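In what follows, a single structure is set out as structure tokens and then discussed.
Order of appearance sets the numbers: ligands from 1, and atoms from 1 within every ligand. All values reported here derive from a predicted model rather than from experimental measurement.
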Amino acid sequence: MGTTDDITRTAFRTCPLCEAGCGLEITVKGGAVTRIRGDMADVFSHGFICPKGSTLKQLHDDPDRLRRPLVKRNGVHEEVDWPEAWAVVADRLQAVIGEHGREAVGTYLGNPSAHSLSALLYNRAMLQGLGTRRRFSASTVDQMPRQVAAGYVFGTPLSVPVPDLDHTDFLVIIGANPYASNGSLCTAPDFPGRIEAIRARGGTVVVVDPRRSRTAEEADQWLPIRPGTDALLLAAMVTALADDGLVDPGEYVAPYLQGLDEVVAALAVFTPESVAQATGLAAADIRALARGLAGASSGSVYGRIGTTTTEFGTVASWLIDVVNTCTGNLDRRGGAMFTMPVAGGPTTRGKGGSGKGFSVGRGHTVARQLPEVMGEYPAAAMAEEITDAGDQGMKALVTVAGNPVLSTPNSVQLDAALEQLEFMVSVDMYLNETTRHADVILPPPSQLQRGHYDVALLQFAVRNVANYSEPVLPLDGDQPDEWEILARLGLIAAGLGPDADPAAADEMGLADTVRRAVADPSSPVHGRDADEIMAQLGDAAGPARMLDFLLQTGPFGAAFGANPSGASLAHLLDNPHGVDFGALQPRLPELLRTPSGMIELNHPVLMADLDRLKAAVPALDEQQLVLVGRRHLRSNNSWMHNIEVLVKGAPRCTLHVHPEDAARLGLVDGGVAHVESRVGEVDAAVEVTDAIRPGVVSLPHGWGHGQPGTRMRVAAERPGVNSNILADHEAMDPLSGTSVLNGIPVQITCG
Ligand SMILES: Nc1nc2c(c(=O)[nH]1)N[C@H]1C(S)=C(S)[C@@H](COP(=O)(O)OP(=O)(O)OC[C@H]3O[C@@H](n4cnc5c(=O)[nH]c(N)nc54)[C@H](O)[C@@H]3O)O[C@H]1N2
Ligand SMILES: Nc1nc2c(c(=O)[nH]1)N[C@H]1C(S)=C(S)[C@@H](COP(=O)(O)OP(=O)(O)OC[C@H]3O[C@@H](n4cnc5c(=O)[nH]c(N)nc54)[C@H](O)[C@@H]3O)O[C@H]1N2
Ligand code: SF4
Ligand SMILES: [Mo]
């Protein structure tokens, strides 16, 4: 490639692999990436990077990464060119819609679609084109309970408080291990460093986790709770505060707070003593934790996957807000605060202070009549919607950036059900456990070939920051960008045929958005000329232009000249290390979107679920053997196991067992355990360790590779086992439809 060979350039890019969003400094020589390291000048990450960040190069170079579409013929996936792939999609999708109607098509959006600018901005176009309500996503095996609780209490499912990590003096981490995960629903590059800074400034860190995780090891205190009982712990903390006369939301919050006394009274039955057996924690420790938090100059309770993927996920998430409120830490520096997202979002749009509020149940699944939540149904219901919904069954499925066969409960059942579909199409770059069932696989370009801005996760950042990355490498040949793939899928589904033009549709969509904004009295461009704004946005279709509009009309926006130093795409392009709009600031009451204009702490749906919690105590008191998950720094859910540098070394997919349990069950380190649950069984390699409480075993999710018909050669060499074979599709938090992935009852014998 002649002259470009010796040109060396440096590009800056935000890592899209996890929620931390670290800045990367990428050296490119002769069109190839030669080095990736942390960007020391990044305004948010200051050079921090984890071992995954530098593997964007290996990901791009991975020979197993799909570069051309695959079509399945006679059971075998064959490479085809793009026009041929689109023709098959148009034919077969229209056949299903024609015969069975639009509701016969389902969709599943996976985790990386929350990290892809294209997916964030164009999945909607795809979904609109499909016109089906049968939508599923990884949210119901993840954070949905946290969003539902926030929706009821503050008015939108994006009104999730985040711990003000850099200013707090007392951090309680429940069911999260940021030393491995780098944080979630709390965007904070170098989360570990920020935790260490709390202790360095004299603050306290407490970790509540059945495992002595790396985060627990670095904390002042580890409380080894029994899985699935965090709601009881939090309820008892409120009662302990009330007993000590320490319930005090503070003068600032009080005018906007509804129902605090009612909530405290309803929680009075949950005393530290009454939950001690179920939680496995001493009543004195629960009381001391409540006192410590109330006595700190500022404090914040933060809960993640260990609190959400349980039977009481929504109640636990709500009670985190209740504890933060009772201790005077809501929306206060060092407490639990709300991000002001630079690209805007549901918490910034419209008139602030009140709104429509949050509700669920617009539609139900066919087989089990499970309610819609946030426009989707529980992922755990996918299989039965294919097999047990009669002539209203799901006949086709579109997956985008998801691997539900490894990520969602009762995997064996889903794996079998996918074979019964009439048509399946996956937008994905690997032929894996899920996409092997697809009739057509449409690969997006690699992460390095796409622009990036974390529209979703910067809504939960611990500072108000913005960072846009341009594509580092050009697209290959006729490879369409990911947004074009998604937009074209939508156009085909809408019946416009395989040759419909995504760029024209994008132009129309944007013009419509602009017209609505200039007519909206709460928009910063209200009353302006729509054509003039379109002209300023230019004519390059795609996500960058759409992002420019979001930035300019966001809370710090340039508003197309009205605020010249404000946020815009051009401003971010001039600042490749990001722009910091400052620390989080109190946002009450403007943040609220509840119908009452109050913090609806006593929302009736949440209050009603306390009866279920109370009724569950006798069962939770029983000391059954239960399974939880865990994450490893060098792994990323199910899909980065094909990168040699990340998976080499000791096997990671092992069953952690406490020495007492190992002795009782006759298990030895390095041996095999046969693990059974209500729905499935697996044989797992045993690792005996005292870093877990007795009565609990732990197996990471996302493994179980090497299935016939997959093409991930490195992953197949270290397949591991799929922990979700054990997860029960019937066990869920009914308020959010989120599966129980932690605290799964199991029986274990020597394998
Ligand atoms: N390296 C790496 N980073 C990741 C990911 C990854 O796979 N690998 N995944 C990303 C994604 S999609 C997400 S959502 C985030 C998740 O981020 P985190 O929520 O931090 O996830 P984990 O590291 O799994 O930590 C969950 C902890 O909860 C504990 N736990 C299990 N059950 C219970 C319980 O009932 N109660 C309590 N109190 N604790 C419990 C587990 O032992 C574990 O230590 O991580 C993101 N970051
Ligand atoms: N037992 C148990 N199960 C769990 C969890 C747990 O803690 N325990 N955690 C849950 C959580 S938090 C999550 S988020 C889910 C994750 O579940 P999923 O989102 O279903 O699965 P991932 O493993 O993230 O798979 C991502 C897929 O997207 C593809 N991909 C990667 N990048 C891109 C891209 O940019 N574009 C496109 N189109 N495709 C891409 C990959 O090849 C892969 O097929 O797993 C959940 N399952
Ligand atoms: S912590 Fe997350 S965002 Fe940062 S480098 Fe690692 S994978 Fe990328
Ligand atoms: Mo997740």
Centroid-centroid distance, Phe12 to His577, less than 6.0 Å: yes
Result block: side-chain N/O donor-acceptor pairs under 3.5 angstrom for residues 712-720, not counting sequence neighbours:
unit_1, atom_1, unit_2, atom_2, d
Arg713, NE, Asp64, OD1, 2.7
Arg713, NE, Asp64, OD2, 3.4
Arg713, NH2, Asp64, OD1, 2.3
Arg718, NE, Val647, O, 3.4

Row check, Trp82 ring normal vs Arg68 NZ/CZ: under 6.0 Å, within 45°: no
Salt bridge (charged side-chain N to carboxylate O under 4.0 Å, His left out) evaluation trace for Glu730 with Arg678: CA-CA 10 Å; Glu730 286 185 6; Arg678 190 184 79 82; 3.4 Å; yes
Atom 4 (Fe) of ligand 3: protein N, O or S atoms that are less than 2.8 Å away, sorted by chain: Cys22 SG
Evaluation steps, salt bridge (charged side-chain N to carboxylate O under 4.0 Å, His left out), between Asp190 and Arg194: CA-CA 6 Å; Asp190 194 15; Arg194 291 172 203 260; over 6 Å; no
Val679 versus Ala727, closest heavy-atom pair with distance: CG2-O, 3.3 Å
Under-4.0 Å salt bridge between Arg450 and Asp481: no
Region of Ala138 engaging ligand 2 - heavy atom pairs below 4.0 Å: side chain
Ligand 2 atoms in contact with Pro444 (distance to a heavy atom under 4.0 Å): 36 (N), 37 (C), 38 (N)
Closest protein heavy atom (residue, atom, distance) for atom 36 (N) of ligand 2: Glu482 OE2, 2.7 Å
Aromatic ring pairing Trp703/His641, orientation class (parallel under 30°, perpendicular over 60°, tilted between): parallel
Sub-4.0 Å heavy-atom approach of Gln447 to ligand 2: yes
Residue, atom name and distance, where the atom is the protein heavy atom closest to atom 22 (P) of ligand 2: Ser638 OG, 3.6 Å
Region of Arg631 that comes within reach of ligand 2 [heavy atoms, distance under 4.0 Å]: side chain
Atom pair OG1/OH of Thr307 and Tyr302 - distance to nearest 0.5 Å: 9.0 Å
Side chains of His437 and Glu419, donor plus acceptor under 3.5 Å: yes
Identity and distance of the protein heavy atom lying nearest atom 42 (O) of ligand 2: Asp428 OD1, 2.6 Å
Minimum-distance pair of heavy atoms, taken over all atoms of Pro178 and Ile195: CG-CD1, 3.9 Å
Region of Val427 that comes within reach of ligand 2 [heavy atoms, distance under 4.0 Å]: both
Polar contact flag for Asn403 and ligand 2 (N/O pairs, less than 3.5 Å): yes
For Ser723, the ligand 2 atoms whose distance to one of its heavy atoms is below 4.0 Å: 1 (N)
Enumerated ligand 2 atoms positioned under 4.0 Å from heavy atoms of Val141: 9 (N), 10 (C), 11 (C), 12 (S), 46 (C)
Arg450: numbered ligand 2 atoms lying under 4.0 Å from its heavy atoms: 34 (C), 35 (O)
Ligand-residue contact atoms, ligand 2 with Ile305, heavy atoms, under 4.0 Å: 12 (S)
Asn410 and Asp728: side chain donor to acceptor below 3.5 Å: no
Tyr430: numbered ligand 2 atoms lying under 4.0 Å from its heavy atoms: 42 (O)
Contacting atoms of ligand 2, where contact means under 4.0 angstrom from a heavy atom of Gly110: 19 (O)
Ligand 2 versus Pro112: contacting region, heavy-atom distance under 4.0 Å: side chain
Proximity of Thr434 to ligand 2 by residue part, where a heavy atom lies under 4.0 Å: neither
Numbering as shown, the atoms of ligand 2 that approach Pro404 to under 4.0 Å (heavy-atom distance): 20 (O)
Distance from atom 4 (C) of ligand 2 to nearest protein heavy atom, with residue and atom: His701 CD2, 3.4 Å
Short side-chain donor-acceptor distance under 3.5 Å, Thr308 and Arg146: no
